[in-house]
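Before any comments, here is the structure.
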Amino acid sequence: MKVRIDHYAANPDIYRAMSQLEKQVTASGLDRVIYELVKIRASQINGCAFCLDMHTKELRKLGESEQRINLISVWRESPCYTDQEKAVLELTEAVTLIAERGVPQDVFDRVRSFYSEKETMDLIFAINVINCWNRIAISTGMFPGCRD
């Protein structure tokens, strides 16, 4: 396999801007495990092998069990996620697949039962950032190990 284009080198200014947005979301106070769950679920939906590989490794470094990592795609049927995590995963799916049915009010309300307005916006930005990274990685042909 070969990467189509090195987006880091091709447009360093835009890459720095995307990286800054990522840093802002990371610094928002959003729980690291929650953020990695968001990144993994969006990457599964989008079919981004590069990001999925990266973020499952990150979740392992945070001490998450293989069971919780392996069952993210079937979170609805898995008792190992909290109601809060399930609300976040549901929002992640809705925002990632926004063209299908938007973000239903009940999904939004479930998230708001756990998060303030600011925290909800932090989640929405987090979901959008990983969706953007997924689209960059897939478009440029990135794959697991291509940056090693």
Side-chain angles (χ1 to χ4, degrees), residues 1-76 78 80-82 84-104 107-108 111-112 114-148:
M1 296 183 87
K2 185 179 175 194
V3 175
R4 293 176 182 154
I5 190 169
D6 180 352
H7 64 278
Y8 305 96
N11 197 328
D13 292 336
I14 291 180
Y15 173 73
R16 279 192 293 276
M18 265 303 296
S19 294
Q20 186 59 38
L21 182 56
E22 174 76 37
K23 287 176 187 172
Q24 289 293 122
V25 172
T26 300
S28 71
L30 188 61
D31 178 80
R32 286 284 314 275
V33 170
I34 291 284
Y35 195 16
E36 293 303 324
L37 290 173
V38 164
K39 290 176 179 182
I40 291 167
R41 187 64 191 122
S43 298
Q44 289 172 333
I45 292 166
N46 291 323
C48 185
F50 178 82
C51 293
L52 191 55
D53 180 61
M54 177 191 308
H55 297 296
T56 54
K57 288 175 182 173
E58 285 299 314
L59 203 49
R60 282 183 189 92
K61 287 179 190 174
L62 293 173
E64 283 300 315
S65 70
E66 288 301 310
Q67 180 185 37
R68 280 177 46 90
I69 294 168
N70 293 337
L71 296 177
I72 293 170
S73 66
V74 290
W75 61 267
R76 285 178 178 82
S78 304
C80 60
Y81 303 101
T82 67
Q84 182 177 6
E85 291 168 334
K86 288 180 177 186
V88 169
L89 290 166
E90 189 173 25
L91 180 65
T92 301
E93 291 179 358
V95 173
T96 300
L97 300 169
I98 203 157
E100 290 183 9
R101 62 182 191 131
V103 177
V107 172
F108 188 82
V111 168
R112 288 288 288 126
F114 295 103
Y115 294 98
S116 69
E117 283 187 359
K118 184 220 179 272
E119 292 166 333
T120 301
M121 284 310 306
D122 293 342
L123 282 169
I124 291 169
F125 277 111
I127 296 163
N128 278 279
V129 168
I130 189 57
N131 271 278
C132 189
W133 284 125
N134 288 166
R135 283 153 175 76
I136 291 167
I138 292 166
S139 299
T140 61
M142 294 178 76
F143 54 89
C146 71
R147 296 205 25 122
D148 294 341

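Every value quoted in this text rests on a predicted model; they were computed, and no experiment measured them. Side-chain atoms are counted along with the backbone in the values below, which use heavy atoms only and exclude waters and symmetry mates.
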Next on the checklist: Among residues at least two apart in sequence or on other chains, which ones pass side chain to side chain donor-acceptor pair (under 3.5 Å) with Gln20?
Outcome noted: Gln24

Residues two or more places apart in sequence or in another chain: which of them pass side-chain contact (heavy atoms from CB on, under 4.5 Å) with [X]?
X      : result
Thr120 : Phe108, Val111, Arg112, Tyr115, Ile124
Asn46  : Ala42, Thr96, Asn131, Asn134, Arg135, Ile138
Ser139 : none
Arg68  : Val33, Leu37, Glu64, Ser65, Cys80, Tyr81, Glu85

Item to check | Smallest separation among heavy atoms of Ala49 and Pro144, with atom names | outcome: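 What the structure gives for the nearest pair is O-CG, 3.5 Å.
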
Checklist entry - If you take all heavy atoms of Pro12 and Ala9, which pair is closest and at what distance? => result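 Scanning both residues, the minimum pair turns out to be CD-O, 3.5 Å.
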
Can you tell me how far apart [atom1] ([X]) and [atom2] ([Y]) are? Round to the nearest 0.5 Å.
X      : Y      : atom1 : atom2 : answer
Leu123 : Lys118 : CG    : NZ    : 10.0 Å
Ile5   : Ile136 : CD1   : CD1   : 11.5 Å
Ile130 : Thr92  : CD1   : OG1   : 10.5 Å
Leu30  : Met121 : CG    : CE    : 12.5 Å
Leu59  : Tyr35  : CG    : OH    : 13.5 Å
His55  : Trp133 : NE2   : CH2   : 9.5 Å

Next on the checklist: Please list all pairs meeting salt bridge (charged side-chain N to carboxylate O under 4.0 Å, His left out) that have one or both residues in residues 40-55, counting only residues at least two apart or in different chains.
Outcome noted: Arg41-Glu93, Asp53-Lys57

Next on the checklist: With side-chain contact (heavy atoms from CB on, under 4.5 Å) as the criterion, how do Phe50 and Cys146 come out once you've worked through the C-alpha distance, each side chain's angles and the decisive distance to 0.1 Å?
Outcome noted: CA-CA 8 Å; Phe50 178 82; Cys146 71; 3.8 Å; yes

Next on the checklist: Going by side-chain hydrogen bond (donor to acceptor under 3.5 Å, both in side chains), name the pairs with one or both residues in residues 1-12, residues two or more places apart or in two chains.
Outcome noted: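 As it turns out, the side-chain hydrogen bond (donor to acceptor under 3.5 Å, both in side chains) pairs with a partner in residues 1-12, which skip direct neighbours, are Tyr8-Arg147.
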
Look at atom [atom1] of [X] and say whether more than 12 heavy atoms of other residues, nucleotides or ligands are closer to it than 6.0 Å.
X     : atom1 : answer
Tyr15 : OH    : yes
Ile14 : CD1   : no
Glu66 : CD    : yes

Taking salt bridge (charged side-chain N to carboxylate O under 4.0 Å, His left out) as the test, write out the residues that go with [X], two or more places apart.
X      : answer
Glu100 : none
Lys23  : none
Glu58  : Arg32, Lys61
Lys86  : none

Checklist entry - Does Phe143 have any ring pair (Phe, Tyr, Trp, His ring centres under 6.0 Å) partners at least two apart in sequence or in another chain, and if so, which? => result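 Counting only residues at least two positions away or on another chain, Phe143 forms no ring pair (Phe, Tyr, Trp, His ring centres under 6.0 Å).
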
Next on the checklist: I'd like to check Asp122 versus Val25 (side-chain heavy atoms, cut-off strictly below 4.5 Å). Are they in contact?
Outcome noted: no

Next on the checklist: Let's go through Val74 and Leu71 carefully: what are the C-alpha distance in whole Å and the side-chain angles of both, what is the deciding distance for side-chain contact (heavy atoms from CB on, under 4.5 Å) to 0.1 Å, and is it a yes or a no?
Outcome noted: CA-CA 5 Å; Val74 290; Leu71 296 177; 3.9 Å; yes

